[in-house]
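Along the sequence shown, residues carry numbers from 1.
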Amino acid sequence: MASLKEILTRRPVAATIRLTVPAGGARPAPPVGPALGQYRLNLMAFCKDFNARTQKYKPDTPMAVVITAFKDNTFEFTVRSPSVTWYLKKAAGIESGSGRPGHVTASTITLKHVYEIAKIKQQDPYCQYMPLESICKSVIGTAGSMGIKVQKELD
């Protein structure tokens, strides 16, 4: 239960905005500008904060951002690591998955790739308390649905 002080200090939420922005590439142009502008949020403050938080990633890495806009024109945001499909495509060296997963294999990756992807995804806030084995199983399932075969070692 929330305490009385927490309830009284809560700020009313105007909107929750979900965007995919390239790492280190937030500019007040579309898609960021129109999405934040309609809630009268400070675009430059968001761009500076986002670019500072994502400078450790390679440029043009697609980052998922969840922005909570409050009615007093302030905001908070959380940055999540890129999607599992993006990591799988990079590891397999392909542009897109198979058109017929289960019938046509687009590429193959090793269990080491799966383990490395799972370690990165475990740092995300929503996967923080999940065991690494469960995240690996999820990554293997995603790879299967993309037509990427997971092997113990590459031949």
Side-chain angles (χ1 to χ4, degrees), residues 1-99 101 106-107 109 112-148:
M1 289 282 301
S3 69
L4 183 62
K5 184 179 178 183
E6 288 175 1
I7 293 171
L8 293 174
T9 57
R10 281 190 192 149
R11 296 178 286 178
V13 176
T16 302
I17 307 161
R18 290 181 178 83
L19 296 172
T20 302
V21 184
R27 290 176 204 82
V32 178
L36 299 184
Q38 75 184 61
Y39 298 105
R40 306 182 127 249
L41 302 178
N42 188 342
L43 296 173
M44 288 313 297
F46 170 77
C47 292
K48 285 181 181 176
D49 289 349
F50 177 83
N51 292 339
R53 283 196 206 178
T54 59
Q55 66 186 11
K56 66 180 181 181
Y57 291 95
K58 289 182 179 176
D60 297 328
T61 302
M63 306 297 288
V65 183
V66 179
I67 305 162
T68 306
F70 298 106
K71 292 209 170 150
D72 60 352
N73 296 342
T74 58
F75 63 91
E76 292 175 354
F77 68 96
T78 56
V79 181
R80 298 194 306 209
S81 61
S83 66
V84 172
T85 55
W86 185 83
Y87 280 120
L88 286 169
K89 286 189 244 179
K90 287 290 177 191
I94 56 176
E95 284 293 315
S96 65
S98 172
S107 184
I109 59 171
K112 186 173 182 179
H113 290 116
V114 171
Y115 177 73
E116 292 298 323
I117 293 169
K119 272 179 42 181
I120 294 168
K121 291 306 283 183
Q122 193 176 33
Q123 295 168 359
D124 274 3
Y126 63 95
C127 291
Q128 207 168 2
Y129 303 108
M130 288 177 67
L132 197 59
E133 184 182 355
S134 299
I135 300 171
C136 285
K137 286 179 181 178
S138 174
V139 171
I140 291 170
T142 304
S145 69
M146 292 175 66
I148 298 173

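- We find the SG-CZ distance between Cys47 and Arg27 to be 9.0 Å, quoted to the nearest 0.5 Å.
- Atom CZ of Arg53 and atom OG1 of Thr78 lie 8.0 Å apart (nearest 0.5 Å).
- Residues Pro22 and Met63 have side chains not in contact (no heavy-atom distance under 4.5 Å, counting atoms from C-beta outward).
- Between Phe50 and Phe77, the ring planes lie tilted relative to each other; the angle falls in the 30° to 60° range.
- With contacts defined as side-chain heavy-atom distances shorter than 4.5 Å, the pair Thr54/Val21 does not qualify.
- Screening Ile67, Ile17, Leu36 for a side chain to side chain contact (heavy atoms under 4.5 Å, CB included) involving Phe75 leaves a single residue, Ile67.
- No more than 12 heavy atoms of other residues, nucleotides or ligands shown are found within 6.0 angstrom of OH on Tyr129.
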Can Leu132 and Lys119 be said to form a side chain to side chain contact (heavy atoms under 4.5 Å, CB included), step by step? CA-CA 7 Å; Leu132 197 59; Lys119 272 179 42 181; 4.2 Å; yes
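- For the atom pair OG1 of Thr61 and NZ of Lys56, the computed distance is 12.0 Å after rounding to the nearest 0.5 Å.
- Minimum heavy-atom separation, Arg18 to Val66: CG-CG2, 4.2 Å.
- Closest of all the heavy-atom pairs between Pro30 and Pro34 is CA-CD, 3.7 Å.
- Here Tyr115 contributes atom OH and Ile120 contributes atom CD1; the two are 11.5 Å apart, rounded to the nearest 0.5 Å.
- Pairing each heavy atom of Ile94 with each of Ser107, the nearest pair is CG2-CB, 3.9 Å.
- One N or O on the side chain of Gln122 and one on the backbone of Met130 form a donor-acceptor pair closer than 3.5 Å.
- At most 12 heavy atoms of other shown residues, nucleotides or ligands fall within 6.0 angstrom of atom CG in Asp60.
- Minimum interatomic distance between Lys71 and Val13 (heavy atoms only, all atoms of both residues): CE-O, 4.0 Å.
- Smallest separation of non-hydrogen atoms from Pro101 and Gly144: CB-O, 3.7 Å.
- Side-chain contact between Ser83 and Pro62 is absent, with no heavy atoms from C-beta onward closer than 4.5 Å.
- One distance of note links NZ of Lys121 with CD of Gln128; it measures 13.0 Å at 0.5 Å rounding.
- Pairing each heavy atom of Ala35 with each of Tyr39, the nearest pair is O-CD1, 3.4 Å.
- Here the OH atom belonging to Tyr87 is positioned 13.5 Å from the NE2 atom belonging to His113, to the nearest 0.5 angstrom.
- A salt bridge does not link Lys112 with Glu116: every distance from a Lys NZ or Arg NE/NH1/NH2 to an Asp or Glu carboxylate oxygen is 4.0 Å or more.
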